2 protein chains.
Amino acid sequence: MTRRTTPQPNRETLTRQRVLQAAVELANAGGLGALSMRKLGEAVGVEAMSLYNHVANKEDLLDGMVDLVFGEVALPAPGDDWRQAMRQRAISMRLVLSRHRWAIGLMESRSTPGPATLRHHDAVLGCLRRGGFSLTLTAHAVSVLDSYIYGFALQEKALPFDSPQETAELAESITSGFGDGEYPYLTEIATAHVMRPGYAYGDEFEFGLDLVLDGLQKAAG
Amino acid sequence: MTRRTTPQPNRETLTRQRVLQAAVELANAGGLGALSMRKLGEAVGVEAMSLYNHVANKEDLLDGMVDLVFGEVALPAPGDDWRQAMRQRAISMRLVLSRHRWAIGLMESRSTPGPATLRHHDAVLGCLRRGGFSLTLTAHAVSVLDSYIYGFALQEKALPFDSPQETAELAESITSGFGDGEYPYLTEIATAHVMRPGYAYGDEFEFGLDLVLDGLQKAAG
DNA sequence: CAAAGGGGCTTACGCCGTAAGTAGAGCACT
DNA sequence: AGTGCTCTACTTACGGCGTAAGCCCCTTTG
């Protein structure tokens, strides 16, 4: 046994990828508030300061996390009909954003997009251009589609409940707090619509999505 | 001079309103990051801990700020045509959200709405119901409209520039960073569309808004 | 086998939100 | 007038944050 030690067999070398993935897992589990450099270091078995060998600073870490999330979104297949492709893209994006609820709040202010983000946007633009959209209409379409998707994800995130049952409980607690006449229409929709069995806000997504796609199809002529 | 001191004539008593307004001003000036209890105390001429006489904690402070912002949005007038009223409401909301860019990032996770927020939502629901919308269609309409408005505001906030000139500069710096073939459609839209004189992303808002309103009108039959 | 470089660790600084305790002024009683 | 309650503001302190600066030792290379 002249060999000193094996090259740390029990601790595989840290990489940017491993750091980013651990950060995403931390954020998934406890929200962005649970993600600190110290806790992230602990999660990957390293002191906080050692993380700075792999990320420039926390901004850079967040940028990398956002790009990782974008990488999970299914790219529109080049051969597909634009409408079909955009529909699938939107649904995939919403799925990804609901898997990583912290991400939507992070896309504000992240102004240095990573490669997966750029690839995603390029694929979306290409799908529309090849589908016959003019430059101007392509810009309109991307704006309205992304606004709708992000905005829906934002609202969905703001809801502090997941199951229909929790929804009903919250709606009841809100309406019972006021006199009947104070917010009549809120009371009406809470009692007669939201509290119906089987209600789930997420089901609203496809209604708006198809509404937007219809409008774009008409505009494309 | 038997009287000890006058009852502090030069310092008007602090109120929740004054605290909230100062907090909004701080956030307007320097973003949410510039808003700390210490700085807010300094702004109103008081130590940080004294603020807790008027707000329960920072969460409560943020809740109050959001409600203050909602109070700035013009309520739909009861007599108006639903489409006209919803259009004006959307434009007013976007204007308010661009005056307070920090607010959109805050509406995530604020789950205890204040009176102005409730009044706003009740007025919107009422406008649609009186316009003949069924309960289900009203829920659809609110979802798609709010998603679009918030999502647009979110994207607008993410843009790190305000003037058309800054936009062009950024677009050029992005496209020049890659080989021509890497992101062809991004390059195309950046050079041939975004960099045109007079381009401003904000102009996209009304296209999507009218698209959504058209779709709702059709759905309302 | 020595030199060099790099990944990891320790320490420290100035922020943050806020719990806990204190002081003084205004008011309502006797 | 005295007594005590309440309300506002201040002070101090704690644990956590991002990260700058410096050191240490292991690995690679000549």
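Note that the structure is predicted; figures quoted are calculated from it, not measured. Each chain gets a letter, A, B and so on, in the order the sequences are listed, and its residues count up from 1.
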Starting at atom [atom1] of [X], determine the distance to atom [atom2] of [N], rounded to an integer number of angstrom.
X        : N       : atom1 : atom2 : value
Glu47(A) : dA12(C) : CD    : C1'   : 15 Å
Arg18(A) : dG7(C)  : CZ    : C1'   : 14 Å
Leu32(A) : dG18(D) : CG    : P     : 11 Å
Met37(A) : dG8(C)  : CE    : C1'   : 14 Å
Arg38(B) : dT11(D) : CZ    : C1'   : 12 Å

Q. Within the pair Lys39(A) and dG16(D), is there a side-chain N or O less than 4.0 Å away from OP1 or OP2?
A.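 So the side chain of Lys39(A) is outside the cut-off, no N or O lying under 4.0 Å from OP1 or OP2 of dG16(D).
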
Q) Side-chain N or O of Ser50(B) less than 4.0 angstrom from OP1 or OP2 on dT8(D)? A)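 For Ser50(B), the contact criterion (side-chain N or O under 4.0 Å from OP1 or OP2 of dT8(D)) is not met.
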
Who pairs with [X] by side-chain contact (heavy atoms from CB on, under 4.5 Å), at least two apart in sequence or on another chain?
X        : answer
Ala48(B) : Met37(B), Arg38(B)
Ala23(A) : Leu35(A), Leu40(A), Leu61(A), Met65(A)
Val69(B) : Val96(B), His100(B), Trp102(B), Ala103(B)

Q: Evaluate the criterion side chain to side chain contact (heavy atoms under 4.5 Å, CB included) for residue pair Tyr150(B) and Leu97(B); output intermediate values, then yes/no.
A: CA-CA 9 Å; Tyr150(B) 296 154; Leu97(B) 286 179; 4.0 Å; yes

Q: Please work out which of the three classes, parallel, tilted or perpendicular, describes the rings of His120(B) and Phe70(B), given edges at 30° and 60°.
A: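 Phe70(B) vs His120(B) ring planes: perpendicular.
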
Q) Taking the inter-plane angle between the rings of His140(B) and Phe207(A) on a 0 to 90° scale, is it parallel (under 30°), tilted (30 to 60°) or perpendicular (over 60°)? A)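 Ring orientation, 0 to 90° scale: parallel.
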
Q: List in numerical order all residues of residues 22-30 of chain A for which some heavy atom is under 4.0 Å away from an atom belonging to DNA chain C.
A: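 None - not one residue of the stretch has a heavy atom sitting under 4.0 Å from the strand.
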
(Q) Can you tell me which nucleotide in dC17(D), dA21(D), dA19(C) comes closest to the side chain of Met49(A)? (A)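 In terms of side-chain proximity for Met49(A), the closest of dC17(D), dA21(D), dA19(C) is dA21(D).
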
Q. Of the candidate nucleotides dA20(C), dA12(C), dG8(C), which contains the atom at the shortest distance from the side chain of Leu14(A)?
A.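 Between dA20(C), dA12(C), dG8(C), the one nearest the side chain of Leu14(A) would be dG8(C).
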
Q: List the steps, then state whether salt bridge (Lys or Arg N to Asp or Glu O under 4.0 Å) holds for Glu72(A) with Arg99(A).
A: CA-CA 10 Å; Glu72(A) 289 184 25; Arg99(A) 256 205 302 270; 3.1 Å; yes

Q. Quick one, which residues of residues 51-65 of chain A touch DNA chain D with a heavy atom under 4.0 Å?
A.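 Those residues are Tyr52(A), Asn57(A), Lys58(A).
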
Q. Quick one: side-chain hydrogen bond (donor to acceptor under 3.5 Å, both in side chains) partners of Ser36(B), sequence neighbours excluded?
A.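 Per chain and number, Ser36(B) pairs via side-chain hydrogen bond (donor to acceptor under 3.5 Å, both in side chains) with no residue.
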
Q. Is the Tyr148(A)-Phe205(A) ring centre distance short of 6.0 angstrom?
A.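 Yes, they do, as the ring centres are separated by less than 6.0 Å.
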
